[in-house]
Colleague: 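The structure is given below, and queries will be raised subsequently.
Note that the numbering runs from 1 along the sequence shown for the chain.
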Amino acid sequence: MPHYPRIRHLREDQDLTQTQMGKILACSQRVYSNYERGDIDIPTATLIKIADFHKVSVDYLLGRTDNPEMNK
């Protein structure tokens with residue numbers, strides 16, 4: 001399973017709890033926690049929501065690039 005450390009760092013940078021992110025994404029805190037730990041894969045639609053919320057690219061969240069800029 002993939003690990004998503006950037007998702008946790010971005011959440012913490014905005015002083016948000018896992019519960020708050022869960023509400024933003026319409027999922028429970030437990031599900032969101034599982035996303036951060038990589039215990040379950042993040043559905044594509046949810047990954048896009050996370051990227052849009054933090055204004056970063058999906059590739060940045062996935063660790064495919066160190067550039068957080070979104071392609072326009």
Colleague: Does some side-chain heavy atom of T46 sit less than 4.5 Å from a side-chain heavy atom of C27?
Modeller: no
Colleague: Identify the two heavy atoms, one from Y35 and one from D41, that lie closest to each other, and give their separation to 0.1 Å.
Modeller: CE2-O, 3.9 Å
Colleague: Under the rule for side-chain contact (heavy atoms from CB on, under 4.5 Å), what residues qualify as partners of R11, not counting sequence neighbours?
Modeller: R8, L16, Q18, M21, Y32, E36
Colleague: By salt bridge (Lys or Arg N to Asp or Glu O under 4.0 Å), which residues pair with D15, not counting sequence neighbours?
Modeller: none
Colleague: Taking side-chain contact (heavy atoms from CB on, under 4.5 Å) as the test, write out the residues that go with S28, two or more places apart.
Modeller: R30, V31
Colleague: side-chain contact (heavy atoms from CB on, under 4.5 Å) with L62: which residues, sequence neighbours excluded?
Modeller: Y4, L47, V58, R64
Colleague: What do the steps show when you test Q14 against H54 for side-chain contact (heavy atoms from CB on, under 4.5 Å), and what is the final call?
Modeller: CA-CA 9 Å; Q14 293 193 19; H54 292 296; 3.3 Å; yes
Colleague: With sequence neighbours left out, write down each residue that passes side chain to side chain donor-acceptor pair (under 3.5 Å) with T17, or none if nothing qualifies.
Modeller: Q20
Colleague: Listed by chain and number, what are the side chain to side chain donor-acceptor pair (under 3.5 Å) partners of D66, not counting sequence neighbours?
Modeller: R6
Colleague: Do you know which two heavy atoms are closest between S57 and A51, and how far apart they sit?
Modeller: C-CB, 4.1 Å
Colleague: For side-chain contact (heavy atoms from CB on, under 4.5 Å), just list the numbers for Y60 and N67, CA-CA rounded to whole Å, side-chain angles, deciding distance to a tenth of an Å, and then say yes or no.
Modeller: CA-CA 6 Å; Y60 178 75; N67 181 2; 6.0 Å; no
Colleague: For residues 44-56, which residue pairs pass the salt bridge (charged side-chain N to carboxylate O under 4.0 Å, His left out) check, not counting sequence neighbours?
Modeller: none
Colleague: What I'd like to find out is whether the side chain of L10 reaches to under 4.5 Å of the side chain of L61, using heavy atoms alone.
Modeller: yes
Colleague: Do I50 and V56 come close enough that some side-chain heavy atom pair is under 4.5 Å?
Modeller: no
